[in-house]
Amino acid sequence: MKNIIKKISDLMDSIGRPVRLMEVCGTHTVAIFRHGIREILPEGIIFLSGPGCPVCVTPIKDVDTAIAISKMNDFILATFGDMMRVPGSKQSLYHAQAEGADIRVVYSSMDALKLASENKERNIVFFATGFETTSPSVAGTLFEAERIGVDNFYIYSAHKTIPPAIKALLDSDDVRVEGFILPGHVSTIIGSRPYEFIASDYRVSSVITGFDAEDILQAIMMLLEQIASGKPAVEIQYKRAVREEGNPKAVSLMNEYFEPRNANWRGIGMIPRSGLRLRDKFGRWDAEKLFHIDIPDSKEPKSCICGSVIRGAKIPTDCPLFGRACTPERPVGACMVSTEGSCAAYYKYSGVYRG
Amino acid sequence: MCLAVPSKIISIEDTTAIVDVYGARRAISLLLLEDRVNVGDYVLVHAGFAIQKVQEEYAEETLELFKQWIEAERKASN
């Protein structure tokens, strides 16, 4: 490991200026803090946290819709636990549950399907959030629902995809990134090819990265080598779990059930073709089409800069609410809710704000 | 949220497998898996689905890493 750190220092000397890297995935944000990587590397390496936290980017409107579904007669809303505390316009799923809405936390969409088999007289809606790591599992669950003949199971899709979000960042004026630490397990599914535009169209470096300290350091070294040589590429550091072609079976099931649509990212706004909705032929599972839930658009909380943080344009400590009005116990913005949100990670690991 | 945990396959029936993670057993789906797997193999599991076959050596290393994270988390919250 010492050799890698030495190599990184040498590369920074030869580059001779600060370098801005973005870790796209929330798990990497937390891993970088946990391993103390910021402390052991030269100061010139600036880490920006990206939009890869599904909890953080799910818009208020989707949270409000999930809450509205949970309050409908004879409905059960099943959700991943991470979504429970995300503030909607008036309340969170957690609050709605405390008021009596039937909301169940599940570990897998298959558990939600099981709920449907066990509660035939109720309608079960699964709040489908997450990136490409997760959406194939939801497609797999619908395949299973069809096979076993369940007819009281639906999904509300808030799924999003990573490459269009990276493209949107590269297209925006206020974000300058020279290298991306790309997500590990999203890439287990999609492989490295969907990222090729980053190098070919934008001349920016990227490395698909694993989660231990050595993985991350090695990826940083690979990024700096690309930057120093002026030859951007998409490389795979996390070869133990990622193949160039990804997992074609998972991708084909995802594409069979879902199609791209324009989607709102909390704090960022609309990103073309960055969301997934069920294809028309699978409309019988689609809560959005069947139940006509009409929820108005909502504004982000005043002063919250979550959107700029997610895009890497600002860091959490730039926010006037950070650590004061907004803490993990009483979050204002979504970046403080998820343990993988940048604000929550800064709060927890920076030490400064802990009593 | 996109974390996938290496898990050892204990038994397989059709497209469902029972896996072991830190001594806990649960049923997962093999529906998304491209590769053929056998009892004793390791797979990466996310949200109840195996998403990739992995080598045992890597699985053990990663499980050790996650264990450290969980312990650090427990210490921090105490």
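Just the heavy atoms: all of them, side chains too, but no hydrogens, waters or symmetry mates, feed the values below. These numbers come from a predicted model, not from an experiment. Below, read A as the first sequence line, B as the second, and so on, with proteins coming before strands; counting in each chain starts at 1.
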Rounded to the nearest 0.5 Å, how far does CD1 of B:Ile28 lie from CE of A:Met110?
10.0 Å

CD of B:Gln68 to CG of A:Asp212: how many Å apart, nearest 0.5 Å?
9.5 Å

Looking at A:Pro54, A:Ser338, A:Cys25, which has the largest count of heavy-atom pairs under 4.5 Å with chain B?
A:Pro54

Taking side chain as C-beta onward, heavy atoms only, is B:Ile51 less than 4.5 Å from A:Thr133?
yes

Atom CD of A:Glu118 with >12 non-hydrogen neighbours under 6.0 angstrom
yes

Heavy-atom neighbours of B:Phe66 CZ exceed 12 at 6.0 Å:
yes

Answer with side chain, backbone, both or neither: which region of B:Glu34 has an atom nearer than 4.5 Å to a non-hydrogen atom of chain A?
both

For A:His35, is it the side chain, the backbone, both, or neither that has a heavy atom closer than 4.5 Å to a heavy atom of chain B?
side chain

Contact leader toward chain B among A:Ser137, A:Ala31, A:Ser109, A:Gly130, where contacts are heavy-atom pairs under 4.5 Å
A:Ser137

Should we count CD of B:Glu13 as having more than 12 external heavy atoms under 6.0 Å?
no

Check this for me, if you would: do A:Arg243 and B:Asp35 make a salt bridge, where the nitrogen-to-carboxylate-oxygen distance has to be below 4.0 angstrom?
yes

Tell me, side chain or backbone of A:Arg240 under 4.5 Å from chain B's heavy atoms, or both, or neither?
both

Calculate, to the nearest 0.5 Å, the distance between atoms CG and CZ belonging to B:Leu3 and A:Phe211 respectively.
6.0 Å

Flag if over 12 foreign heavy atoms under 6.0 Å of NZ, A:Lys249
yes

Flag if over 12 foreign heavy atoms under 6.0 Å of CZ, A:Phe33:
yes

Between atom CD of A:Glu144 and atom CZ of B:Phe49, what is the distance when rounded to the nearest 0.5 Å?
7.5 Å

So which of B:Leu31, B:Thr15, B:Leu32, B:Leu65 has the biggest tally of heavy-atom pairs under 4.5 Å with chain A?
B:Leu32

Please determine, by modelled atom types, if A:Thr134 and B:His46 share a side-chain donor-acceptor pair under 3.5 angstrom.
yes

Nearest 0.5 Å please: distance from the CD atom of B:Gln52 over to the OG atom of A:Ser187.
11.5 Å

Crowded around B:Gln55 CD? As in, over 12 foreign heavy atoms under 6.0 Å?
no

So what's closer than 4.5 Å to chain A heavy atoms on B:Glu61: side chain, backbone, both or neither?
side chain

Region of A:Thr129 in contact with chain B, defined by heavy-atom distances below 4.5 Å
both

Quick one: list whatever passes side-chain contact (heavy atoms from CB on, under 4.5 Å) with A:Ala344, sequence neighbours left out.
A:Met336

